[in-house]
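All chains are named by letter (A, B, ...) in the order of the sequence lines, taking the proteins before the strands, and each is independently numbered beginning at 1. No experiment lies behind these values; they were computed from the predicted model shown. FYI, side chains are in, hydrogens and waters are out, and symmetry mates aren't considered; it's all heavy atoms of this structure.
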Number of protein chains: 2
Amino acid sequence: METRELRYFVAVAEESHVGRAAERLGMAQPPLSRAIAQLERRLGADLFVRTPRGVTLTSVGETLLREGRAALAAVEAAERRTRRTAEAGGRAPVVLTAKAGASSELMAKLLDAYAAEPDAVEVEVILSPPGHQAAMLRDGRADVAILHHPFDDLSGFDTDPLFVEEQVLILPAGHPWSTRPSLTVAEATSVPDLPPPRWPALDGSYPDGPGPELRDLTQVLQLVRLGRTALVLPESVRADLRDGLAVVPLSDAPRVTTVIAWPPHSTSTGVAGLVRTAARL
Amino acid sequence: METRELRYFVAVAEESHVGRAAERLGMAQPPLSRAIAQLERRLGADLFVRTPRGVTLTSVGETLLREGRAALAAVEAAERRTRRTAEAGGRAPVVLTAKAGASSELMAKLLDAYAAEPDAVEVEVILSPPGHQAAMLRDGRADVAILHHPFDDLSGFDTDPLFVEEQVLILPAGHPWSTRPSLTVAEATSVPDLPPPRWPALDGSYPDGPGPELRDLTQVLQLVRLGRTALVLPESVRADLRDGLAVVPLSDAPRVTTVIAWPPHSTSTGVAGLVRTAARL
DNA sequence: GGGGTCGATACCGCGGCGGTATGGGGCCAG
DNA sequence: CTGGCCCCATACCGCCGCGGTATCGACCCC
């Protein structure tokens with residue numbers, strides 16, 4: 001199976017519509033129809049059922065969509081990581097990704113410590129919205145990630161724990177609850193008049209809801225200060241807080257473990273060095 | 001990047017020789033040379049250095065080999081799993097793999113319990129030599145595996161622990177050490193006159209050494225009985241032992257955890273059901 | 001029943017893949 | 001030093017197959 005076929009198939013599956021998929025792929029509809037038919041013939045099974053309004057996946061098609069997406073991500077990762085080491089003249093740089101604004105103190109310590117290593121390579125840091133780190137590791141846009149258990153999906157990666165902390169609710173200063181000694185998770189997730197913020201999904205769109213649309217932590221803290229939202233965060237954010245914010249511990253929230261994660265087959269010296277450094281912190 | 005290019009590249013990298021790689025791929029040498037040159041041009045970097053005796057990987061090439069192998073395995077997995085659900089008429093069967101001979105009692109219980117589930121699908125069991133399970137999960141020959149921590153490489157998979165046990169040394173009955181109350185790992189790994197057995201590597205070849213070449217547990221137990229080898233195993237093998245064998249506990253060996261493992265993106269109902277059943281055992 | 005919206009089919013042109021033949025550099029034996 | 005050998009690269013060619021346009025056929029809805 002060629003990646004071209006997989007790309008075509010995934011496009012059609014995602015659009016549920018051959019014509020739109022062809023447009024997205026920058027080609028005409030007939031060759032795409034034929035490519036899909038040919039793939040079905042080679043696999044010996046229908047991938048789509050044709051309906052008057054477009055196409056729908058069969059259960060075989062669903063399997064191929066799931067597996068094919070993972071395969072395409074792996075191929076993209078191979079190409080991206082190869083290009084990156086090529087651009088660096090063979091000395092593969094390391095791309096580290098983390099949630100925008102989170103764990104800044106820890107990351108600074110980690111990057112400083114690693115830079116002091118004798119065989120350190122260049123580290124590029126990419127801050128992206130929560131939830132995007134795993135996808136970036138999978139498709140090669142990043143080589144290492146700072147993630148937070150149990151919030152992030154660690155499956156499929158090797159990880160080392162960095163540290164453990166409690167969670168707190170961030171409120172506007174002066175909010176009636178800001179003087180409470182502690183809150184429960186149930187209370188914290190439904191603060192009266194302060195809807196939780198919404199974060200972008202992997203495709204950049206936002207889920208429905210009353211809360212504000214946000215991309216990083218400084219934005220959200222500003223909106224908390226303005227009394228527009230409230231949210232639960234690891235307590236280490238205290239270090240980044242300015243005036244105008246109140247912090248209330250949560251009594252029954254699970255502890256958050258910050259971990260460093262990397263793809264299991266990665267054997268690059270940069271990743272290994274960074275992980276080794278992290279383990280010593 | 002197309003999978004055809006990746007296959008070509010991996011073949012050349014593995015053979016370190018364009019001509020032999022072409023032969024292995026069933027094609028002539030010139031088109032392969034050209035395909036590699038084209039790939040290098042598109043990536044903008046040399047993947048091989050040409051030597052008088054063949055070719056060697058550059059550091060960029062090493063990156064592509066590592067990542068490309070993973071990508072090819074993912075593509076193969078997509079195709080294999082799709083074909084499998086196609087052959088089963090859409091009701092994806094589950095392929096479970098385990099070390100030949102190991103954990104037979106546990107597996108019997110698991111398969112029985114799962115078969116009693118209302119929505120159970122067909123489970124095919126593939127027993128293969130130790131160390132092959134991870135590769136089978138990765139390239140789609142299997143969907144679930146029974147593995148043993150810390151011996152097997154669990155990285156890249158989701159796992160659930162099934163149970164924990166001690167390790168024992170299996171000796172021929174009547175061996176001088178067979179009456180010892182316990183042994184250390186250091187002693188057990190160098191039993192006088194009884195070299196440890198050798199297991200096949202992923203490519204089917206055997207490492208060098210004095211021990212016998214083996215593929216499964218019944219074979220090895222027979223050879224122990226004949227006084228040709230001795231080896232360390234989890235103590236649950238006691239259930240499978242017949243006469244002629246002695247068992248000595250190891251005092252300082254790490255405990256073995258039997259786990260059920262599956263690829264993180266697998267969402268098939270079969271895998272989910274099997275894992276759920278396993279968790280209840 | 002007609003127009004609109006789909007995907008499938010028919011047919012064509014061309015890029016690119018793989019084939020054979022050959023070139024050219026490096027190494028070694030004589 | 002040189003002929004022969006072992007490699008990989010280049011040159012050239014034929015054909016498969018991909019993608020394009022035009023059109024058909026099925027289905028739905030007004």
Atom pair CD/CG of A:E124 and A:D143 - distance to nearest 0.5 Å
9.5 Å
Looking at A:E23, I'd like to know if its CD atom is crowded, meaning that more than 12 non-hydrogen atoms belonging to other residues, nucleotides or ligands lie closer than 6.0 Å.
no
Heavy atoms from other residues, nucleotides or ligands near CG of B:D203 exceed 12 (cutoff 6.0 Å)
yes
What is the distance, rounded to the nearest whole Å, between atom CG of B:D46 and atom C1' of D:dC8?
14 Å
For A:Q38 and D:dC16, give me the distance from atom CD to atom P, rounded to whole Å.
14 Å
Atom pair distance, as rounded to whole Å: CG in B:L39 and P in C:dG16
15 Å
Could you run down the sub-3.5 Å N/O contacts of the protein with nucleotides 5-8 of chain C?
unit_1, atom_1, unit_2, atom_2, d
C:dC6, O5', A:H17, NE2, 2.9
C:dG7, OP1, A:V18, N, 2.6
C:dG7, OP2, A:G19, N, 3.1
C:dA8, OP1, A:R50, NE, 2.6
C:dA8, OP1, A:R50, NH2, 3.1
C:dA8, OP2, A:S33, OG, 2.8
C:dA8, N7, A:Q29, NE2, 3.0
C:dA8, N6, A:Q29, OE1, 3.2

Heavy-atom contacts under 4.0 Å between residues 4-14 of chain B and DNA chain D, which residues?
none
Send over the distance from B:L32 CG to C:dG19 P, rounded to a whole Å.
10 Å
Do B:T3 and B:R7 have side-chain N/O donor and acceptor atoms under 3.5 Å apart?
yes
So, A:T63 versus B:S268: side-chain donor-acceptor pair below 3.5 Å or not?
no
Tell me: CE of B:M27 to C1' of D:dC8, nearest whole Å?
14 Å
For a quick check under 3.5 Å, do B:S128 and B:T97 share a side-chain donor-acceptor pair by atom type?
yes
A:E2 has an atom CD; how far is it from atom P of D:dC16, in whole Å?
19 Å
Please report, rounded to the nearest Å, how far the C1' atom of D:dC7 is from the CZ atom of B:F48.
15 Å
Note, B:T56 side chain near B:F48 side chain (heavy atom, < 4.5 Å):
no
Salt bridge check, A:E62 against A:R66: does any charged N sit closer than 4.0 Å to a carboxylate O?
no
